[in-house]
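Worksheet: the structure to be examined is printed underneath.
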There are 2 protein chains.
Amino acid sequence: MTGTTSQARRSDATRTAILAAARERFAADGYERATIRAIARDAAIDPSMVMRYYGNKEGLFAAAIDLDLRMPEPYAGPDGDAGRVLVRHFLDLWEENEVLTALLRVGVTNEAGAARMQELFKEQILPVALRLCPDPAEAPTRAALGASQVLGLALGRYVLKFPPTVAMSRDEIVEWLAPTIQRYLTAERP
Amino acid sequence: MTGTTSQARRSDATRTAILAAARERFAADGYERATIRAIARDAAIDPSMVMRYYGNKEGLFAAAIDLDLRMPEPYAGPDGDAGRVLVRHFLDLWEENEVLTALLRVGVTNEAGAARMQELFKEQILPVALRLCPDPAEAPTRAALGASQVLGLALGRYVLKFPPTVAMSRDEIVEWLAPTIQRYLTAERP
DNA sequence: CTTGTTGGTCAACGTCTGTTGGCAAACGTA
DNA sequence: TACGTTTGCCAACAGACGTTGACCAACAAG
């Protein structure tokens with residue numbers, strides 16, 4: 001052995017190549033059609049290497065969608081354009097890499113993927129809503145409403161590719177969605 | 001031959017049993033995991049019957065998701081609670097059978113499914129927006145925004161099963177979403 | 001009764017899947 | 001040099017998949 005803790009291994013390049021290929025394939029094809037053989041081909045290695053480094057397909061998927069939403073701190077401004085900040089942040093997240101697309105595509109047909117999405121909601125989205133909502137008891141409902149709008153837009157824009165949704169500019173999306181999110185999180189119950 | 005046009009065939013019961021089983025499986029499992037063998041087992045017939053009646057798996061899927069959204073006529077009331085009417089109508093559609101769940105689950109990972117969703121949007125949703133929007137040129141964008149909210153909610157409630165989204169009552173959902181849809185369709189551009 | 005059509009089963013095909021174990025080369029250390 | 005470990009490839013397994021064609025039973029028409 002060359003070291004005690006997390007020494008750089010000679011195979012790190014291969015490991016990350018596998019992970020990158022896996023994210024691409026999961027994002028493009030979903031869980032079933034993203035075969036280990038295809039991922040290995042993209043990474044230019046043998047399929048058996050995937051098994052050695054990630055155990056099995058589920059392990060590979062778990063490693064591929066390990067992400068942090070980096071939710072913004074509670075907004076400090078006088079009152080809320082929290083909606084604007086949040087919508088912009090999610091657009092950034094969705095466009096900076098394919099992890100979220102992969103997660104959404106897989107979550108729809110795969111148990112583990114759906115579970116991971118629920119986890120992200122509970123551990124990273126809900127806390128933000130708890131700080132912004134007037135009544136903490138309403139936070140889960142309000143957060144879920146906001147998530148539904150953001151997920152729905154991402155679905156139409158990055159997965160189903162509805163032409164009008166794809167054609168909108170980022171700024172247009174922010175201007176349209178921000179008031180919705182703002183209302184879901186902070187407005188008085190209808 | 002017993003008749004000239006669309007005579008009742010002796011195999012109609014089998015045909016509809018296959019279709020019902022197919023909708024269930026597609027809704028529960030998505031395209032790949034809904035195997036013809038499993039569908040045939042549910043319908044208590046041989047897999048080869050599916051091939052004979054629907055040609056191949058794609059043909060079966062096409063037959064299984066042939067649906068009409070039955071969009072309501074342009075609302076006659078003084079001004080709009082079009083939002084309320086539309087949200088309630090979509091909740092009805094999603095809950096009356098599994099076709100829409102099947103379509104969403106498949107559309108996310110299957111080309112034909114996504115294409116069918118775009119078709120439904122263009123042919124059945126867009127016309128409604130054209131009647132309700134102030135400026136017809138904005139109708140596609142506004143309709144797409146409305147679709148994103150409705151699809152997002154359905155995703156959370158019927159597919160991903162986010163606990164807070166599942167827990168909401170139909171009336172709660174209508175009260176929260178209706179103003180959003182109303183604004184997307186009719187309010188002045190932000 | 002005979003005959004053609006329809007409804008249905010059975011067994012098999014070729015292909016693709018995730019996964020496994022063995023073997024060879026490259027490497028780090030002594 | 002010698003030796004254990006890491007990295008990688010190759011070939012194969014067993015199971016599941018969509019799909020096919022041969023075959024049998026029930027029926028309707030002459």
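Note that the coordinates shown come from a computational prediction; the quantities given were computed from them, not determined experimentally.
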- Item | Side chain proximity check, B/Leu91 to B/Arg88, heavy atoms < 4.5 angstrom | no

- Message: Using whole Å, what does the distance between atom C1' of nucleotide D/dT6 and atom CD1 of A/Ile45 come to?
- Response: 15 Å

- Item | Flag for A/Tyr158-A/Glu98: side-chain donor and acceptor within less than 3.5 Å | no

- Query: What is the distance from OH of B/Tyr54 to C1' of D/dT19, rounded to the nearest Å?
  - Reply: 18 Å

- Message: For B/Asn97, give me all partners under side-chain hydrogen bond (donor to acceptor under 3.5 Å, both in side chains), at least two apart in sequence or on another chain.
- Response: none

- Query: Hey, is the side chain of B/Arg9 pairing donor to acceptor with the base of C/dG7 inside 3.5 Å?
  - Reply: no

- Before giving the answer on side chain to side chain donor-acceptor pair (under 3.5 Å), spell out for A/Ser48 and A/Asp46 the whole-Å C-alpha distance, their side-chain angles and the decisive distance to 0.1 Å. CA-CA 5 Å; A/Ser48 61; A/Asp46 191 87; 2.7 Å; yes

- Query: Whole Å only: how far is the OH atom of A/Tyr53 from the P atom of D/dT6?
  - Reply: 10 Å

- Message: From C-beta outward on B/Arg10, which listed nucleotide comes closest to its side chain: D/dT19, C/dG7, D/dT7?
- Response: C/dG7

- Side-chain N or O of B/Ser48 closer than 4.0 Å to phosphate OP1/OP2 of D/dT20: no

- Between A/Arg15 (CZ) and D/dT6 (C1'), how many Å, whole number? 10 Å

- Message: If you assign A/Pro47 and A/Arg52 each to the DNA chain C nucleotide with the nearest heavy atom, which residue ends up on the more 5' nucleotide?
- Response: A/Pro47

- Taking atom types as modelled and ignoring hydrogens, do the side chains of A/Thr101 and A/Arg23 form a donor-acceptor contact shorter than 3.5 angstrom? no

- Between C/dT19 (C1') and A/Glu58 (CD): distance, integer Å: 14 Å

- Give the cluster check for B/Leu126 versus B/Met117: same hydrophobic cluster or not, with ILVMFWY residues linked at side-chain heavy-atom distances below 4.5 Å. no

Expected rows: protein N/O vs nucleotides 12-18 of chain C N/O, under 3.5 Å:
| residue | atom | partner | partner atom | Å |
| --- | --- | --- | --- | --- |
| C/dG18 | OP1 | A/Ile36 | N | 3.4 |
| C/dG18 | OP1 | A/Lys57 | NZ | 3.0 |
| C/dG18 | OP2 | A/Ile36 | N | 3.2 |
| C/dG18 | N7 | A/Arg37 | NH1 | 2.5 |
| C/dG18 | O6 | A/Arg37 | NH1 | 3.4 |
| C/dG18 | O6 | A/Arg37 | NH2 | 3.2 |

- How about A/Ser148 and B/Gln149: does a side-chain donor come under 3.5 Å of a side-chain acceptor? yes

- B/Ile39 atom CD1 is separated from D/dT19 atom C1', nearest whole Å, by 14 Å

- Rounded off to whole Å, could you give me the CG-to-C1' distance for the B/Asp46 and D/dG18 pair? 13 Å

